[in-house]
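Below is one structure, written out as C-alpha cells; comments come after it.
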Amino acid sequence: MDPPQDSAAPPCPPAQSGGSFGIPAMLVFASIVIIASPAMVPSSWHTRNSLSILHQVPEGHVGVYWKGGALLKTITEPGFHLKMPLVTQYEPVLVTLQTDQVRDIPCGTKGGVMVNFEKIEVVNKLKKEYVYETLLNYGVNYDNTWIYDKIHHEINQFCSSHSLQQVYIDVFDQIDEKMKDALQCDCTKYAPGIEILSVRVTKPIIPERIRRNYEQMEEERNKLLISIERQKVVEKESETQKKMAIHEAEKTATVSNILREQKLKEKENAMELQEIENQMFIAHQKCLADADFYSAMKEAEANKLKLTPEFLELKFIEAIANNTKIFFGHKVVPDMVLDQRLLVGNFLENVSQQAHVERQMKSDDNA
C-alpha cells in the first residue's frame with residue numbers, strides 16, 4: 001500500500017467578474033481535480049480505484065466493474081481503460097493458472113488421533129466466460145468458498161473415515177486425486193467456471209511418539225527388504241552359477257561329441273583305406289596265384305608233352321650212363337635193368353592213359 005498523502009486539495013480560486021471563468025473552464029478544472037484526487041486523499045486500493053478515471057488491467061486478468069455495488073456485465077481485456085470515478089468500482093480478476101495454498105488443516109482419524117496437514121496446494125483456473133456468473137454468485141473471493149473452506153471439509157471427511165495407518169502410509173498417495181475429484185465434482189455442479197487442475201498434499205504431522213514408532217517400523221521394514229533383496233541376489237548368483245555350470249557342461253559335452261565323431265570319422269576313413277589296401281593286396285596275390293597256377297599248368301602240360309616213351313628211355317639211358325659204378329654179376333645187373341625198364345614202361349603207360357582221358361574230357365566240354 002502507498003503511504004497516505006497529507007496534502008489537501010487547493011482552495012478554489014475566487015470568482016471573478018467579467019465571465020473570465022465560464023462553464024467550460026469549470027469543467028476542465030473539475031476534471032483536473034478528479035484526476036489529481038488520488039494523490040490528495042489517503043491512499044487505499046478501493047479509494048484510488050473508485051476515484052481514478054484511467055486504470056490498467058494486467059496481463060492474465062480481466063477487468064470487472066461494479067456501479068453502486070451492482071456487478072456489471074462489462075468485462076474488459078488487459079490494457080488501459082476509462083471509467084466513471086466515484087460511481088464505478090473496478091477489480092482485476094485472474095483468469096490464468098493460480099495456486100492457492102491452504103495451511104494448517106487439523107483433522108482427526110477414525111481412531112481418534114489428531115494429525116495436521118501443514119500445507120495443501122490447489123492449482124486452479126477461473127474460466128473467462130464464467131467470470132461474471134462466478135463473481136455474481138460467490139464474489140471476488142470465490143476461492144475462499146470453493147477451495148479453502150472446501151479443502152478443510154474434504155480433509156476432515158477423509159481422515160474421519162480412515163485410520164492413521166491409512167492416512168499416513170497406506171492411502172496417502174491417493175489423497176491428491178481424491179481431493180481433486182471431490183473439489184472438481186462440487187465446482188462442476190455449483191461453480192462450473194472453476195477448474196481444478198491438480199492438488200498437492202504434504203505429509204501430515206502426527207504425534208512425535210507415533211512418528212518414532214513409524215520410523216522404527218520403517219527401519220525394520222527396510223532391514224527386512226534389504227535381507228530379502230540380499231537373499232534374491234544370492235539366489236540369483238546361485239542360479240547364474242548353475243546356468244554357467246550347465247552351459248560349461250553342455251559345452252564340454254558338445255566338444256567331446258565333436259571330437260568323438262571326428263575320431264570315428266578318422267577310424268572309418270582308415271578302415272576304408274585299409275579295406276581298399278586289402279582288396280588291392282588280395283587282387284595282387286590273386287593275380288600272382290593265377291600266374292603261378294597258369295605257369296604250373298603250362299609247365300605240367302609241357303611236361304606231359306615231354307614225357308614220351310622215347311624221351312623217358314633216353315633219360316633212363318643217360319642216368320645209367322652217368323653211374324660211375326657198375327656191378328657185374330650173373331643175376332643182379334640184368335634183373336636190375338629189366339626191373340627198371342618194367343617200372344618205366346608201366347609209368348609211361350599210366351601217363352599215356354591219363355593224357356588220353358584228359359583229352360577226351362576236354363573234347364566233351366568243347367562239344
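Heavy-atom basis, side chains included; hydrogens, waters and symmetry copies ignored.
Applying the salt bridge (charged side-chain N to carboxylate O under 4.0 Å, His left out) rule to D186 yields the partners K150; only residues at least two apart in sequence or on another chain are considered. Under the salt bridge (charged side-chain N to carboxylate O under 4.0 Å, His left out) criterion, E239 pairs with K243, not counting sequence neighbours.
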Please tabulate, for side-chain N and O atoms in residues 170-184, each donor-acceptor pair with protein atoms closer than 3.5 Å (sequence neighbours left out).
| residue | atom | partner | partner atom | Å |
| --- | --- | --- | --- | --- |
| D170 | OD1 | Q165 | NE2 | 3.3 |
| D176 | OD1 | V201 | N | 3.2 |
| Q184 | OE1 | I196 | N | 2.6 |
| Q184 | NE2 | T188 | OG1 | 3.0 |

Pairs under 3.5 angstrom only: tabulate donor-acceptor contacts from the side chains of residues 100-116 to other protein residues two or more places apart or in another chain.
| residue | atom | partner | partner atom | Å |
| --- | --- | --- | --- | --- |
| D100 | OD2 | N124 | ND2 | 3.0 |
| Q101 | OE1 | R103 | NH2 | 2.9 |
| Q101 | NE2 | E121 | OE2 | 3.2 |
| T109 | OG1 | V113 | N | 3.2 |
| T109 | OG1 | V113 | O | 3.3 |
| N116 | OD1 | I105 | N | 3.4 |

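By the 4.5 Å side-chain criterion applied to Ile, Leu, Val, Met, Phe, Trp and Tyr, I228 is assigned to a cluster that also includes L224. Here F293 sits in one hydrophobic cluster together with M297; the rule is ILVMFWY side chains under 4.5 Å apart, joined directly or through other members.
Within 6.0 Å of the NZ atom in K127, the count of heavy atoms belonging to other residues, nucleotides or ligands exceeds 12. By the 6.0 Å contact criterion, CD on Q56 is enclosed, its count of non-hydrogen atoms from other residues, nucleotides or ligands being greater than 12. Counting heavy atoms of neighbouring residues, nucleotides and ligands inside a 6.0 Å radius, atom CD of E235 exceeds 12 of them. In this structure, K203 places its NZ atom where more than 12 heavy-atom neighbours from other residues, nucleotides or ligands lie under 6.0 Å away.
Between the side chain of H61 and the backbone N or O of E59, at least one donor-acceptor pair lies under 3.5 Å. No donor-acceptor distance shorter than 3.5 angstrom exists from the side chain of S198 to the backbone of V123, with no hydrogens or angles considered. A side-chain donor-acceptor contact under 3.5 Å links T252 to the backbone of E248.
In this structure, Y148 has its ring center at least 6.0 angstrom away from the ring center of H152.
A 4.5 Å side-chain heavy-atom check between H81 and Y65 finds at least one atom pair inside the cut-off. Considering only heavy atoms from C-beta on, V131 comes within 4.5 Å of L126 through its side chain. In this structure the side chain of Y168 never reaches within 4.5 angstrom of the side chain of S163, judged on heavy atoms.
Across every non-hydrogen atom of P58 and P92, the tightest pair is CD-CB, 4.0 Å.
Connection of Y132 to Y130 is not established within any shared hydrophobic cluster, with ILVMFWY side chains joined at heavy-atom distances below 4.5 Å, either directly or through further cluster members. Hydrophobic clustering, with ILVMFWY side chains joined whenever heavy atoms are under 4.5 angstrom apart, keeps L94 apart from L97. I53 and F80 end up in the same hydrophobic cluster when Ile, Leu, Val, Met, Phe, Trp and Tyr side chains are linked at under 4.5 Å.
Ring orientation note: the planes of Y190 and W146 are close to parallel, at an angle under 30° on the 30°/60° scale.
Here the CG atom belonging to N144 is positioned 5.0 Å from the CG atom belonging to N141, to the nearest 0.5 angstrom.
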**Message:** Before you tell me yes or no, could you show the steps for K128 and E77 under side-chain contact (heavy atoms from CB on, under 4.5 Å), namely the whole-Å CA-CA distance, both residues' side-chain angles and the distance that decides it to 0.1 Å?
**Reply:** CA-CA 10 Å; K128 187 183 296 185; E77 297 293 334; 3.4 Å; yes

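For the 3.5 Å distance criterion, the side chains of E261 and N257 fail to qualify, holding no donor opposite an acceptor.
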